[in-house]
> 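Sharing a structure here in structure tokens format.
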Amino acid sequence: MKFVIANWKMNFAISQEFDQFFRAMSSELRKIENTQFKQVKIIFAPSFVWLDYLKKFFQKKENKLNSFNFELSAQNCFWEDRGSFTGEISPLVIKNIGCQYVILGHSERRIYLGETSEMINKKILKTFSVGLQPILCISVEERNLFKSNKEIYLQLKKILQGINKDDLKKIIFVYEPTWAISSFGGDTCTVEKAEQGILLTMQSISKIYPEIDIKKLKFLYGGNVDKQNADAFLKNLNINGVLVGKASLNPQELAKIIQTAIKYKL
Ligand code: PGA
């Protein structure tokens, strides 16, 4: 099954925007058969304040969204589940709201907020203890694939510190070259490069966990995916799905990407 993750970042300012968005997206999606939606995992990551609202919005009968099987993810969380941490969000609260996933290590957080691999490691460990599944961004700055090998390995070594192999299988890895993300310029990352980056990520994980069956883990690509290039990424057998930022704010465009993902059930 392919994954489509809509990372909405700090967008959507009032609830009516969701009504408009889902009305437009679902009318596009309804052109295909309902049963096919079980063949793709669609995860929305709104900002924290909308998680509870959207959970209820999906369940409301009059919104007619039950057949779509939408899931929710937070965009971040803290590494403790309660205490004196002003402004932080508890993973336990995210879980209690009804979310199953949390994005961790996104490059916008690393670059704008100084989030380190050590912090991401603590957050991941906490998510397991409350029953959340991390969507881990492998944020790669190096453009040269050969040289990026070291960056990927060192990052993963720190981030995966202390994680046992059963928990490792719960992580959804997203290979994200920073320079390909639209907010940092959005340079083209070809499918070949994305695949190579994912293979390097797999190699690093195999080095850290020699006994793991790498084929059992999930590897996605993120960075300027849109309705034009989605087909190429999604048809690749080593890419289990896409994390979409900017293009996921356009309901028709996201619907097209989802329709493409349905074609390539894995
Ligand atoms: P983008 O964002 O699709 O706008 O490049 C990707 C991301 O959030 O990682």
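Just follow the structure's listing: the first ligand is 1, and inside any ligand the first atom is 1.
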> If only atom types and distance count, is the side chain of D167 paired as donor or acceptor with the main-chain N or O of N164 below 3.5 Å?
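Judged by distance alone, no pair lies under 3.5 Å.
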> Just which atoms of ligand 1 are under 4.0 Å from any heavy atom in H106?
7 (C), 8 (O), 9 (O)
> Under a 4.0 Å threshold between the charged nitrogen and the carboxylate oxygen, would D187 count as salt-bridged to R143?
yes
> I need the single residue from Y101, F44, F57, F21 that forms a ring-ring contact (aromatic ring centres under 6.0 Å, His included) with F70. Which is it?
F44
> Out of S107, S182, C137, G186, who gets a non-hydrogen atom closest to atom 1 (P) of ligand 1?
S182
> At less than 4.0 angstrom from any non-hydrogen atom of L243, what atoms of ligand 1 do you find?
7 (C), 8 (O), 9 (O)
> Counting from 1, what ligand 1 atoms have a heavy atom of N7 closer than 4.0 Å?
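Counting atoms of ligand 1 from 1, those under 4.0 Å from N7 are 8 (O).
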> Would you kindly confirm whether I212 and L156 end up in one hydrophobic cluster when ILVMFWY residues are joined by side chain heavy atoms under 4.5 Å apart?
yes
> In ligand 1, which numbered atoms sit nearer than 4.0 Å to a non-hydrogen atom of I181?
2 (O), 5 (O), 9 (O)
> May I ask you to list the atoms of ligand 1 that are less than 4.0 angstrom from any heavy atom of E176?
7 (C), 9 (O)
> For N224, take its heavy atoms, then give the atoms of ligand 1 lying under 4.0 Å from any of them.
1 (P), 3 (O), 5 (O)
> Counting from 1, what ligand 1 atoms have a heavy atom of K246 closer than 4.0 Å?
1 (P), 3 (O), 4 (O)
> Between F18 and W50, does the ring centre distance come in under 6.0 Å?
yes
> Quick one: does T127's side chain get under 4.5 Å of Q133's, heavy atoms only?
no
> Between F22 and F58, is the ring centroid distance below 6.0 Å?
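Judged by ring-centre distance (under 6.0 Å), F22 and F58 do meet the cut-off.
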> Specify side chain, backbone, both or neither for K9, according to which of its non-hydrogen atoms lie closer than 4.0 Å to ligand 1.
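Side chain only; the backbone of K9 stays clear of ligand 1.
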> Look only at interatomic distance and state if G245 has a nitrogen or oxygen under 3.5 Å from any nitrogen or oxygen of ligand 1.
yes
